[in-house]
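Okay, so here's the structure we're looking at.
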Amino acid sequence: MDSFSTVIRTASHEQHTEAETSTFMSDLLGGRLGVDAYARYTEQLWFVYEALEAGAGRLAADPVAGPFVRPELFRLGALERDLEHLRGPGWRSTLSALPATRVYADRVRECAEEWPGGYVAHHYTRYLGDLSGGQIIRDRAERTWGFARKGDGVRFYVFEGISNPAEFKRGYRERLDALAADELERQRVVAECRDAFALNTAVFRALGAEYPLTA
Ligand code: HEM
């Protein structure tokens with residue numbers, strides 16, 4: 001039987017491709033959009049990570065979600081530095097969530113408050129992705145908009161406290177395999193992971209509508 005980390009990865013593979021090849025992501029990474037689109041996307045991430053990390057302290061003691069809560073993953077501080085760089089010191093006053101982002105963040109918060117297994121699904125979908133493909137996004141962003149390497153604007157993608165991401169991901173997959181949940185609950189977690197990908201794709205779709213290519 002496949003390990004749970006393999007099951008969750010395989011189950012979300014198709015949606016991963018869909019998210020990765022969404023029009024907005026392709027345009028953004030293809031260098032076809034301005035830095036404003038990147039800033040708007042970064043703002044949306046702020047709402048998602050605020051929801052993920054606001055409840056993390058309490059979940060650290062939870063038998064299901066606790067093993068995943070690691071301070072070296074926290075992204076909110078990095079996002080705030082990036083936004084200050086991208087939008088200026090008044091970034092908070094102009095920050096706004098797209099309706100699709102609101103739906104996504106609300107679901108994350110609901111899981112954080114009521115369902116640790118669901119929280120793990122959202123945790124996996126974001127942080128393991130950031131540790132993987134996030135590095136490709138950082139590289140493109142640095143080249144396209146001229147941010148300093150691993151500096152302000154792309155700090156979200158830089159995990160200062162994780163010196164070996166490949167090793168960290170291995171450990172993370174081991175924790176997934178050891179998830180304190182029976183088979184039925186594991187299936188529910190996989191379903192939530194699929195939903196998490198769909199919520200991401202919906203945000204990309206909304207961003208794509210806000211930043212259509214004129215050419
Ligand atoms: C253009 C955008 C993206 C690129 C280029 C990209 C690329 C990658 C790459 C190269 C990996 C490494 C696979 C491995 O470890 O062998 C990965 C893994 C992953 N990505 Fe993405 N990705 C993108 C967008 C996303 C999005 C939007 C999400 C979800 C929000 C996501 C979630 C994940 C997850 C959860 C993994 C870990 C899979 C696993 O090993 O279990 N990615 N991605």
Side-chain angles (χ1 to χ4, degrees), residues 2-33 37-38 40-53 65 67-68 70 73 75-76 79 97-98 100-101 103-108 111 117-145 154 156-159 162 164-179 186 189-208 211:
D2 281 336
S3 62
F4 184 60
S5 60
T6 303
V7 170
I8 198 165
R9 181 187 198 171
T10 310
S12 54
H13 182 81
E14 209 169 297
Q15 278 153 305
H16 184 275
T17 307
E18 198 183 327
E20 202 179 328
T21 56
S22 69
T23 306
F24 179 74
M25 256 303 143
S26 306
D27 288 344
L28 196 73
L29 299 185
R32 293 186 288 278
L33 294 173
Y38 176 77
R40 190 83 174 108
Y41 170 50
T42 307
E43 287 182 343
Q44 305 315 300
L45 292 174
W46 185 90
F47 289 96
V48 176
Y49 286 82
E50 202 277 323
L52 274 169
E53 291 170 17
F68 297 91
R70 296 285 170 105
L73 287 173
R75 298 289 82 205
L76 202 59
L79 278 168
L98 289 161
T101 305
V103 171
Y104 184 7
D106 283 352
R107 179 59 186 160
V108 173
C111 288
Y119 180 80
V120 172
H122 286 283
H123 193 280
Y124 162 78
T125 305
R126 284 302 338 174
Y127 295 110
L128 222 59
D130 300 332
L131 279 165
S132 312
Q135 301 316 302
I136 299 167
I137 300 177
R138 175 177 62 76
D139 180 69
R140 298 285 178 83
E142 288 167 2
R143 288 165 199 256
T144 307
W145 300 294
V154 291
F156 169 72
Y157 303 97
V158 183
F159 290 83
I162 299 177
N164 186 341
E167 186 185 289
F168 187 93
K169 284 200 285 184
R170 265 196 304 278
Y172 193 99
R173 291 195 185 102
E174 282 169 14
R175 295 197 285 281
L176 280 174
D177 294 342
L179 188 74
R186 286 179 176 216
V189 173
V190 169
E192 186 68 26
C193 176
R194 288 209 187 93
D195 288 351
F197 269 91
L199 289 163
N200 277 279
T201 306
V203 172
F204 289 156
R205 205 175 303 122
L207 283 165
Y211 293 93

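Atoms within each ligand, like the ligands themselves, are counted from 1 in listed order. Keep in mind that this is a model prediction, so the values were computed, not measured. The basis for the numbers below is simple: all heavy atoms, side chains too, and nothing from hydrogens, waters or symmetry mates.
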>> For the aromatic rings, using the six-membered ring if either is Trp, is the centroid distance between F68 and H122 under 6.0 Å?
In response: no

>> Does only the side chain of I8 get under 4.0 Å from ligand 1, or the backbone, or both, or neither? Count heavy atoms.
In response: neither

> Under 3.5 Å, is there a donor-acceptor pair linking the side chains of Y157 and D130?
Replying inline: no

> In ligand 1, which numbered atoms sit nearer than 4.0 Å to a non-hydrogen atom of R126?
Replying inline: 30 (C)

>> I need the contact type for Y124 against ligand 1. Using non-hydrogen atoms and a strict under-4.0 Å cut-off, is it side chain, backbone, both or neither?
In response: both

> When you measure from atom 11 (C) of ligand 1 to each heavy atom in A121, S5, S132, which option holds the nearest one?
Replying inline: S132

> Is E142 salt-bridged to R138, cutoff N-O under 4.0 Å?
Replying inline: yes

> Can you tell me the protein heavy atom closest to atom 26 (C) of ligand 1 and the distance?
Replying inline: A19 CB, 4.3 Å

>> Counting non-hydrogen protein atoms only, what is the nearest one to atom 10 (C) of ligand 1? Give residue, atom name and distance.
In response: I136 CD1, 3.9 Å

> Of the choices Q15, M25, K169, H16, which has the non-hydrogen atom that lies closest to atom 23 (C) of ligand 1?
Replying inline: H16

> With distance as the sole criterion, is a donor-acceptor pair present between the side chains of S3 and T6 under 3.5 Å?
Replying inline: yes

> Would you say Y127 contacts ligand 1, with heavy atoms under 4.0 Å as the rule?
Replying inline: no

> When you measure from atom 28 (C) of ligand 1 to each heavy atom in Y172, F197, F204, which option holds the nearest one?
Replying inline: F197

> In terms of ring plane angle, is the pair Y41 and F24 parallel, tilted or perpendicular, where the classes change at 30° and 60°?
Replying inline: perpendicular

> Does CD belonging to E14 count more than 12 external heavy atoms closer than 6.0 Å?
Replying inline: no

>> Counting only nitrogen or oxygen atoms and a 3.5 angstrom limit, does R9 reach ligand 1?
In response: yes

> Considering only the protein, which heavy-atom contact is closest to atom 1 (C) of ligand 1, and what is its distance?
Replying inline: L29 CD1, 3.2 Å

>> Return the closest protein heavy atom for atom 4 (C) of ligand 1 as residue, atom name and distance.
In response: E20 CG, 3.4 Å

>> Looking only at distances, can you tell me whether any N or O atom of R173, backbone or side chain, sits closer than 3.5 Å to an N or O atom of ligand 1?
In response: yes

>> Residue-level breakdown please: for T125 versus ligand 1, do any non-hydrogen atoms fall below 4.0 Å on the side chain, on the backbone, on both, or on neither?
In response: both

>> Take a 6.0 Å sphere around CZ of R32 and say whether it holds more than 12 heavy atoms from other residues, nucleotides or ligands.
In response: yes

>> I'd like to know if the side chain of Q44 and the backbone of L98 have a donor-acceptor N/O pair within less than 3.5 Å.
In response: yes

> Among protein heavy atoms, which sits nearest to atom 9 (C) of ligand 1, and what does the distance come to when rounded to 0.1 Å?
Replying inline: G133 N, 3.8 Å

> What protein heavy atom is closest to atom 33 (C) of ligand 1, reported as residue, atom name and distance in Å?
Replying inline: G129 CA, 3.2 Å

>> Do Y49 and R126 pair up side chain to side chain, a donor and an acceptor below 3.5 Å, judged on atom types alone?
In response: yes

> Any side-chain heavy-atom pair from H13 and E18 closer than 4.5 angstrom?
Replying inline: no

